[in-house]
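When reading the values below, keep in mind they use all heavy atoms of this one structure, side chains included, and skip hydrogens, waters and symmetry mates. Fair warning: this is a prediction, and the values are worked out from it, not measured in the lab.
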Amino acid sequence: MQYQPSEIESKWQKRWAEERVAEIDVTAEGQKLYMLNMFPYPSGDLHVGHGRNYILGDAVYRYFRMQGRVALNPMGWDAFGLPAENAAIRRGTHPREWTLGNIERMKKQFARWGILYDWSKEIASCDPDYYRWNQWLFLQLYKRGLAYRGTAPVNWCPQDLTVLANEQVVDGRCERCGALVEQRELSQWFLKITEYADRLDAGLDTLEAWPEKVRLMQRNWIGRSIGADIEFPVPVLGRSIRIFTTRPDTVFGATFMVLAPEHPEVATLIEAAEDREEIEAWITNVRNQSALERQEKGKEGRFTGRTAVNPFTGEEIPIWLGNFVLPQYGTGAIMSVPAHDQRDFEFAKQFGLPIRVVVAPNQNEIPDASGLTEAFTFKDESGIAVNSPPIDGLPVPEAIETIIGVIEERGLGKGMVRYRLRDWLISRQRYWGTPIPMIYCEACGLVPVPEEQLPVTLPLDVPFTGREGNPLAKHSEFVNVACPACGAAARRETDTMDTFVDSSWYYLRFVTPRDTNQIFDSTIVNRWLPVDQYIGGIEHAILHLLYARFITRALYDMGLVAFEEPFASLFNQGMITKEGYRDPSEHMAWVGLNEVEWRDGKPYRGATELVAEVGKMSKSRFNVVPPDELIAKYGADTERVYTLFIAPPEKEAAWSDEGVIGAYRFLGRVWSMGVTILEAIQNQRSGEVRPVVTRKLHQTIDAVTGRVERFEFNTAISALMELSNTIGDALSSGGGAELREPYETLLKMLHPLAPHVTEELWSMFGNEALILTSGWPVADPELMKEDSVVIAVQVNGKLRGQVEVAAPPQEQQVMDAVFANEKIQQWVEGKEIVKKIYVPGKLVSLVVKDRK
RNA sequence: GCGAAAGUGGCGGAAUUGGCAGACGCGCUGGACUUAGGAUCCAGUGGCCCAAAGCCGUGUGGGUUCGAGUCCCACCUUUCGCACCA
């Protein structure tokens, strides 16, 4: 009887679906476990790279179930977003149809992988029953001043025709399509994530079960800086300009001031300048540049013709405008200390501005400012303040502390903590998203849609032209509305929300997904959350994970949840890469694309970038491996085992079509071994129970349990292969029915990895379904022990032989054996042992010297 | 530039607290069974060497130690993240 995966797999998949084995009652008793894979964007077909994520989650889920946990493992769809709209423009299908069709295909794919989700909890963010609560959440944030409309320079993607959040701009390009992002001054909706900057930063310390890398990335993104705000009086204005610095200890070296071209005082300052028009033209030019261009231009600046007073030295210092000063950070104004800041140094050199040294390695070794070739940027005790009367001689950290005291005492400013994080821009000028529930009334101004009128439903009959401007704005029935406050004719907001709003709270909805009265049931949510194990890609290290942490805190402050961190433990699986790309015509048929730009016979991504020939498996790289063929040939269990065996799951892994065969052979061997043992049972053929097998079995249970819990699936599988080899050896050398117990235990441990074939074999042995009945095996430490131990003996660091003694080894026995061994004897003969190092069970080291 | 992680056979990768480097698998070589083999099974597989003995081997150079892939110092390379954040 040969191993035939396809029949077995469809049989069990059908049974799991019919018996709804993964459905749970959230009010049931038991030790809960909330397992969650980041819900996907329904882009259509899934390839083996996606599979890694879900297969990993399923293996962990099945393991915890076997451990007896009441486990919630839901799945849903991050179903709003641009690709659906682009598909609509390209081929005339409605985004909804396109999305729902993709969801169906992906659900089938999950089933074919043998992944168990509780589909009774399924949610899709494009469903009005879901986005209604998205709108409700927005209104609560608005009430608390956490959602506001503001005008700011924002990132505009000219390809996707919408604004983007800062988090969605990568290297000056749109995260989705790769187009260069432009700056535009627009009035938009923001969420006030900055109000939570300190708590989001502090909370990172509590996330011990998160990868250090993600915590660090979030910390850098939030960018907490400690320093001081200092007022610099400007005589011509009759008021002062406030600057922020992290190095208030260098204030005596501030020889000029630089403002961002966007700074509000600029217009007044340059009013009387002779070259005002030239300066204004320059400012316009700088403001229209993207952040990337602005940086590539190098340092540019203009003198305003005005001065400010350094409050510590009393000197008048020139006020400059500089393209390197960011309007959004700090106060948009800096004091420039060229001697101790590289950027200031470059600016000073370029425009011939004075440089003064105020920090030195020590009091007697003050470098000459004119000889400097770069800024001196000591931040620790290796720098000493000089030429700075109240703090002379103090090391930098103390100098900072002291000078802040002086600043506050003299009323010149105050100690200050500032963040790099900026508010979250959530407006999108696109159709396929949650409508922002606001109304513009000429008389009443901004009026929120009353909660009882939610949801504001997305109309389905809108034209998709692909031209600039939201299709929603052209739908007059949607736009024209009576003001809820005064009843007069008013206009609806036509912007929709960033889809990251949808995904910032979906994990809360999964627990009570059909509740029509409230966003979620707080009591049940507080029982199930935080999520015990969250699994997803590192690409959300900042975006989704930061937003979710922010929204959870906002909900905490509203009293709706009792926790501030939504995800207790996080795991980032690595990407699957693949060399080369497939035959493009074959690929396009699979992807369903018909518009691709070609250059030099190679496909291009978007209109901007060359397709990489090796890298992340993605449609735009033409290198995907679709699972269908693979599953037809080897079965889903083989794909699962190979995917988990390929590399440690957190690491990037290169897909190898040849490597798959190893997993297939392994499962084939397990299968035929099972068949042979069954025959032995039927023929009542049995050998004696071998200690080698028992020992290997218990050692394997011990190893696999620990490795699965640490997500070390690659080595867990290798341990199972070793056990399988041991059982196979016993079988081919006269073993029989006595191997049933170790073999069945192997099946149990293999089940989370290869669920179909193990269920089939398990039932062939006359057992009830594994997933429903079995417990996880427990290792017996007594049976793990070896009867004897081989110990390596080193003499003066060289390996000179081995001795075998009974386990557990006793030092005296070991030494006796060492001296009884002729081979070792020759190295010790005539010498004196000056030291013995004895490592129980591992080795003995002897240090010898010539006897005198 | 700043920050982080990582360098082990032809390849993916193993190796608690320093303790027989290369587990497990792919590939390769040879063999068995076959009309056939891109199926299956068996054996071998870090290098030098016909072989054994032996020697050399974890990016490079030092160091600590009876003993270093593992610890320390310096350097090289790669990957990732941030990137004028004052």
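When the C1' atom is compared between B:rC20 and B:rA15, the two are found 11 Å apart, to the nearest whole Å. Comparing the same atom, P, in B:rG7 and in B:rU16 gives a spacing of 13 Å after rounding to whole Å. Separation of the P atoms belonging to B:rG22 and B:rG57 is 16 Å when rounded to the nearest angstrom. The C1' atoms of B:rG1 and B:rG19 are separated by 43 Å, rounded to the nearest whole Å. Across the C1' atoms, B:rG69 and B:rU65 are found 16 Å apart, a figure rounded to whole Å. Going from the C1' atom of B:rG9 to that of B:rU64 covers 29 Å, rounded to whole Å. Using atom C1' as the reference point in both B:rC41 and B:rC50, the two lie 30 Å apart (nearest Å). Annotation: B:rG59 and B:rA68 have their C1' atoms spaced 16 Å apart (nearest Å).
Going from atom CG of A:Leu720 over to atom P of B:rA14 covers 16 Å, rounded to whole Å. At whole-Å resolution of the value, CD in A:Glu652 and C1' in B:rU78 are 12 Å apart. In this structure, the CD atom of A:Glu212 is 12 Å from the C1' atom of B:rA5, given to the nearest Å. Between the CD atom of A:Gln342 and the P atom of B:rC84 there is a distance of 15 Å, given to the nearest Å. Rounded to whole Å, atom P of B:rA86 lies 13 Å from atom OH of A:Tyr419. Regarding A:Gln2, its CD atom lies at a distance of 8 Å from the C1' atom of B:rU40, rounded to whole Å.
Proximity of a side-chain donor or acceptor of A:His340 to a complementary backbone N or O of A:Val358 within less than 3.5 Å is detected. With hydrogens and angles ignored, the 3.5 Å screen pairs no side-chain donor or acceptor of A:Arg695 with any backbone N or O of A:Met784. Judged by distance alone, the side chain of A:Ser656 and the main-chain N or O of A:Gly659 form a donor-acceptor pair under 3.5 Å. Remark: side-chain polar atoms of A:Asn310 are paired, donor with acceptor, to backbone N or O of A:Ala254 under 3.5 angstrom. Between the A:Ser724 side chain and the A:Leu720 main chain, no donor and acceptor come within less than 3.5 Å of each other. A side-chain donor-acceptor contact under 3.5 Å links A:Thr245 to the backbone of A:Arg247.
Contacts of A:Arg665 with the nucleic acid, taken as non-hydrogen atoms under 4.0 Å apart, involve only primed sugar atoms and P, OP1 or OP2. At a threshold of 4.0 angstrom between heavy atoms, the contacts of A:Arg669 are confined to the sugar-phosphate backbone, with no base atom among them. Contact annotation for A:Asn725: backbone-only contact, meaning every heavy-atom pair under 4.0 Å involves sugar-phosphate atoms and none involves a base. Among the heavy atoms of the strands lying under 4.0 Å from A:Thr246 are primed sugar atoms or P, OP1, OP2 only; no base atom is included.
Where A:Glu658 and A:Phe244 each meet RNA chain B at their nearest nucleotide, the meeting point lying more 5' is that of A:Glu658.
Using a 4.5 Å heavy-atom threshold, the side chains of A:Asp201 and A:Arg219 count as touching. With contacts defined as side-chain heavy-atom distances shorter than 4.5 Å, the pair A:His698/A:Asp702 does not qualify.
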Could I get a table of every N or O pair under 3.5 Å where one atom is in the protein and the other is in nucleotides 81-83 of chain B?
| residue | atom | partner | partner atom | Å |
| --- | --- | --- | --- | --- |
| B:rC82 | O3' | A:Arg420 | NH2 | 3.0 |
| B:rA83 | OP1 | A:Arg420 | NH2 | 2.4 |

Look for any protein N or O under 3.5 Å of an N or O in nucleotides 16-19 of chain B and output each such pair with its distance, or none.
| residue | atom | partner | partner atom | Å |
| --- | --- | --- | --- | --- |
| B:rU17 | O4 | A:Lys842 | NZ | 2.9 |
| B:rG19 | N2 | A:Gln794 | OE1 | 2.8 |
| B:rG19 | N2 | A:Ser845 | OG | 2.6 |

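For A:Trp282, the side chain to side chain donor-acceptor pair (under 3.5 Å) test picks out A:Glu300, with sequence neighbours left out. Under the side chain to side chain contact (heavy atoms under 4.5 Å, CB included) criterion, A:Glu231 pairs with A:Ser240, A:Arg242, not counting sequence neighbours. Partners of A:Gln573 by side chain to side chain donor-acceptor pair (under 3.5 Å), not counting sequence neighbours: none found. With sequence neighbours left out, A:Lys785 forms a side chain to side chain donor-acceptor pair (under 3.5 Å) with A:Glu782.
Phosphate contact (OP1/OP2 of B:rA86, side-chain N/O of A:Ser336, threshold under 4.0 Å): absent.
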Base-contact (B) and sugar-phosphate-only (S) positions in nucleotides 31-36 of chain B, heavy-atom cut-off under 4.0 Å, - elsewhere
------
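Summarising the geometry of A:Gly383 relative to A:Val359, their closest heavy-atom pair is CA-CG1, 3.9 Å, with the distance given to 0.1 Å. Here the closest non-hydrogen pair linking A:Ile727 and A:Met673 is CG2-SD, 3.7 Å.
No cation-pi contact links A:Arg224 to A:Tyr419, judged by a cut-off of 6.0 Å to the six-membered ring centre and 45° from its axis. Cation-pi geometry between A:Lys299 and A:Phe347 is not satisfied (NZ or CZ under 6.0 Å from the ring centre, within 45° of the ring normal). Geometrically, A:Arg420 engages A:Trp221 in a cation-pi contact defined by less than 6.0 Å to the ring centre and at most 45° from the axis.
Glycosidic conformation of B:rG57 is anti; the angle lies outside 90° of 0.
Among the nucleotides B:rA14, B:rG12, B:rC24, the one closest to any side-chain atom of A:Pro648 is B:rA14. Side-chain proximity of A:Ile661 to B:rG27, B:rC24, B:rG13: nearest is B:rG27. Set against B:rA4, B:rG27, B:rC84, the side chain of A:Leu216 has B:rA4 as its closest nucleotide. Taking the side chain of A:Ser718 as heavy atoms from C-beta on, and the options B:rA86, B:rC41, B:rA23, the nearest nucleotide is B:rA23. Listed nucleotides B:rG13, B:rC24, B:rA86 differ in distance to A:Lys651; the shortest reach to its side chain belongs to B:rG13.
Residue pairs that meet the salt bridge (Lys or Arg N to Asp or Glu O under 4.0 Å) test with at least one member in residues 664-676 of chain A, sequence neighbours left out, do not exist here. Sorted by first and then second residue, the side-chain hydrogen bond (donor to acceptor under 3.5 Å, both in side chains) pairs with a member in residues 250-266 of chain A read A:Arg239-A:Glu265, A:Glu262-A:Arg294; sequence neighbours excluded.
Stretches of at least 3 consecutive Watson-Crick or G-U wobble pairs, with each checked distance under 3.5 Å, appear in RNA chain B as B:1-7 with B:76-82, B:10-12 with B:24-26, B:27-32 with B:40-45, B:46-48 with B:54-56, B:59-63 with B:71-75.
A salt bridge is defined here as a Lys NZ or Arg NE, NH1 or NH2 lying under 4.0 Å from an Asp or Glu carboxylate O, and A:Arg215 with A:Asp205 fails to meet this definition.
Here the rule is ring-ring contact (aromatic ring centres under 6.0 Å, His included) with A:Tyr642, and of A:Phe666, A:Phe713, A:Trp655 only A:Trp655 fits it.
Within residues 320-328 of chain A, the residues having any heavy atom closer than 4.0 Å to RNA chain B are, in order of number, A:Phe324, A:Val325, A:Leu326. A heavy-atom distance below 4.0 Å to RNA chain B is reached by these residues of residues 697-717 of chain A, ordered by number: A:Asn714, A:Thr715.
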